[in-house]
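Proteins come first, then strands; the chains are lettered A, B, ... in the order of their sequence lines, and each starts at number 1.
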Amino acid sequence: VMDYNSALLSCVRDGRMKEAMTIFKRLQGAGLRPDVVSYTALIQGFGKRKCYNKVTDVFSEMQRNRCPPDLKFCTVLISTFGSGGLPSLAESAMQYAHAQGLQPDAIAYTALVHAYAQEGLWEEAEKALRGMLDDGVLDDRPYAALVAAYGKAGLLENVDKVLKVMESCGVQAGTVLFNALINIHSKAEAPEKARAVLQLMQADGCECDEITYTSVMEAFTRNSQPSLAESLMEEMKQNGIQPGAVSYAVLISGYCQCGRLGDAERILRSMQNAQCKPTIEVYNIMINGYASAKMRNQAERLFQGLQDSGLRPNTVTFNTLISMYIRSRRRNQAEEMYSRMQQADCKPD
RNA sequence: UGGGAUAACUC
C-alpha cells in the first residue's frame, strides 16, 4: 500500500488525477485496502482541481470502507473546502474531527481560520481562534493567517487589534507572524518598516527564514531598489539561509521592473551556479521583462530555452507572450501562440 | 513517511 501511496502522491503533486485514479483502482484490484493516506491524497488532488463532488465521493467511499480518519486527513478536508470558498464545509470537517475524538492541532486551526478569513468572515475566524485557546493550543500561526487576510483586505486597524488579543492570550509572535507583518509593509510600499521588523526579529532572537528575507527583498524591489534587495540576499546567505527559487525570482523580477535586464541575467546565472534550477516562474519573469522592454527576440529565446531545459510553459507563459505580440500588433504571432497554448493543455496553477 | 499558514511571474 505504501508503494501505491507514494505513486499516488506524486500524481497528485502534478495534478494528474486521472492517473491517480488508475493507480487507486489498481491498488484495490490487487486486493489491497487503501489506507487513510491514500484517501487523503485523492482528496487533496481533487481539491486542487476544484472537483468537490469527487471530494465528497472519496470521503463517502472511505466511510463505507470503514477506514478511520486521522487529523491530517481532516486538515486536508478543512483546507480543500477552505480554498474552495466553502467555509461552512470546512467548519463541518472540523466538527467531524472533534466527533472522531481527534484533538485538532495548530495546523488544523490554521486551516480553519484561513478558510473563514479568505471569505471575509472575520467574526467566525476570531471565534475559531477562541476555540483553539479553549483547546489549550497556543500558537501564533493561526493568528498569522488572520493577520495576513486583514492585511490583504486593507483592514490594518484590525491587524493591530489581533496582535493585542494574541499578546493578551499569552501567545508569542513567531517567524510566520512576523513574516506576515513584513509582507503587509511590503505591500504598503514601506520597505524601511519591513526591514525594521526583520531587525526586531534578529534582536529578539526570533528565527528568520527564507520567506522573511524574501519578503523584505520584495519590499525593496517594489520601491525600485533592486540593489538593496540584492544586498539582503547576501545577508541572508551570510546568515546561513540558502536562497531558493522564489528568492531569486523576486530579485530577478526587481531588476526586470527597472529595465535592468543585464542584472537580471546576471542573477539568473548566479542562480544556476548555485545549483538552483530556474523554475517556470523565473522564466516567465524574464520573458515578461524582455516583453516589457520590447525585446521580442530575447523573450523568444527564453521561451525556447525553458523548453530545452525540460520545463513546460504554463498559462502565465502563454499569456505573457500573447500580450507581447498583441501590444506590438503582431496578430499572427499572437494567434499562433494561442493555438500552441491550446495544444499544450497547460495546467492552471 | 500524507496535512495548514506567511514571499515571486501574465491578466
Using a heavy-atom cut-off of under 4.0 Å over every strand shown, decide if A:Thr75 touches base, sugar-phosphate, or nothing.
base
For A:Tyr283 and B:U10, give me the distance from atom OH to atom P, rounded to whole Å.
18 Å
Following the transitive rule for hydrophobic clusters with a side-chain heavy-atom cut-off under 4.5 Å over Ile, Leu, Val, Met, Phe, Trp and Tyr, establish whether A:Ile184 and A:Met201 coincide in one cluster.
yes
Whole angstrom value for the distance that separates C1' of B:G2 from CE of A:Met62:
12 Å
What nucleotide among B:U6, B:G3, B:A8 has an atom nearest to a side-chain atom of A:Glu281?
B:A8
Please check the phosphate of B:A5 (OP1 and OP2 only) for any side-chain N or O of A:Gln118 closer than 4.0 Å.
no
Give A:Val176 one of three labels, base, sugar-phosphate or nothing, depending on what nucleic acid heavy atoms sit under 4.0 Å from its own.
base
Test ring-ring contact (aromatic ring centres under 6.0 Å, His included) applied to A:Phe59 and A:Tyr39, A:Tyr52, A:Tyr96, the passing residue
A:Tyr96
side-chain N/O A:Lys187 vs B:A8 OP1/OP2, d < 4.0 Å:
yes
Give the rounded distance in Å between these two atoms: OH of A:Tyr255 and C1' of B:C9.
18 Å
Taking side chain as C-beta onward, heavy atoms only, is A:Arg312 less than 4.5 Å from A:Ile280?
no
Interatomic distance, A:Ile184 CD1 vs B:U6 C1' [rounded to whole Å]:
10 Å
Counting only side-chain heavy atoms from C-beta out, which of B:A7, B:U10, B:C9 sits nearest to A:Ser253?
B:C9
In whole angstrom, what separates A:Asn288's CG from B:U10's C1'?
6 Å
Among the nucleotides B:C9, B:A5, B:G2, which one has an atom lying closest to any side-chain atom of A:Thr110?
B:A5
Nearest to the side chain of A:Ile107, which nucleotide is it out of B:A7, B:U6, B:G4?
B:G4
With a 4.0 Å cut-off on heavy atoms, is A:Ala145 in touch with a base, just the backbone sugar-phosphate, or nothing at all?
sugar-phosphate
Whole-Å distance, A:Arg222 CZ to B:C9 C1', equals 13 Å
Working for ring pair (Phe, Tyr, Trp, His ring centres under 6.0 Å), residues A:Trp122 and A:Tyr116:
CA-CA 7 Å; A:Trp122 311 117; A:Tyr116 281 128; over 10 Å; no
Using a cut-off of less than 4.0 Å, is there contact between a side-chain N or O of A:His114 and OP1 or OP2 of B:A5?
yes
With a 3.5 Å cut-off and just heavy-atom distances, do the side chain of A:Asp105 and the base of B:G4 make a donor-acceptor pair?
no
Given B:G2, B:A7, B:U10, which nucleotide is nearest the side-chain atoms of A:Asn319?
B:U10
For A:Ala111, which contact category applies under a 4.0 Å heavy-atom criterion: base, sugar-phosphate, or nothing?
sugar-phosphate
Looking at every strand, decide which applies to A:Thr214 at a 4.0 Å heavy-atom threshold: base, sugar-phosphate, or nothing.
base
What is the nucleic acid contact for A:Ile285, judged by heavy atoms within less than 4.0 Å: base, sugar-phosphate only, or nothing?
sugar-phosphate
Check every strand shown and say whether A:Ile211 touches a base, only sugar-phosphate, or nothing at a heavy-atom separation below 4.0 Å.
base
NA contact type, A:Asp70, heavy-atom cut-off 4.0 Å: base, sugar-phosphate, or nothing?
base
Listed nucleotide nearest any side-chain atom of A:Val246, set B:G2, B:A8, B:U6:
B:A8
Contact class for A:Asp209 vs. all strands (heavy atom < 4.0 Å): base, sugar-phosphate, or nothing?
nothing
Between CD of A:Glu119 and P of B:A5 the distance, given in whole Å, is 14 Å
Which part of the nucleic acid, if any, lies within contact of A:Leu71, taking any heavy atom under 4.0 Å across all strands shown: a base, the sugar-phosphate backbone alone, or nothing?
base
Roughly how many Å is it from CD in A:Glu207 to P in B:U6, rounded to a whole number?
19 Å
Side-chain-base donor-acceptor pair under 3.5 Å for A:Thr40 and B:G2
yes
Would you say the side-chain atoms of A:Asp209 pair up with the backbone N or O of A:Ile211, donor to acceptor, closer than 3.5 Å?
yes
Any base atoms under 4.0 Å from A:Val76, or only sugar-phosphate, or nothing? Heavy atoms, all strands.
sugar-phosphate
Any Lys/Arg nitrogen of A:Glu230 or A:Arg266 sitting under 4.0 Å from an Asp/Glu carboxylate oxygen of the other?
yes
Taking 4.0 Å as the cut-off, does a side-chain nitrogen or oxygen of A:Asn183 come that near to OP1 or OP2 on B:A7?
yes
May I ask you to say whether A:Arg301 pairs ionically with A:Glu265, meaning some side-chain N is under 4.0 Å from a carboxylate O?
yes
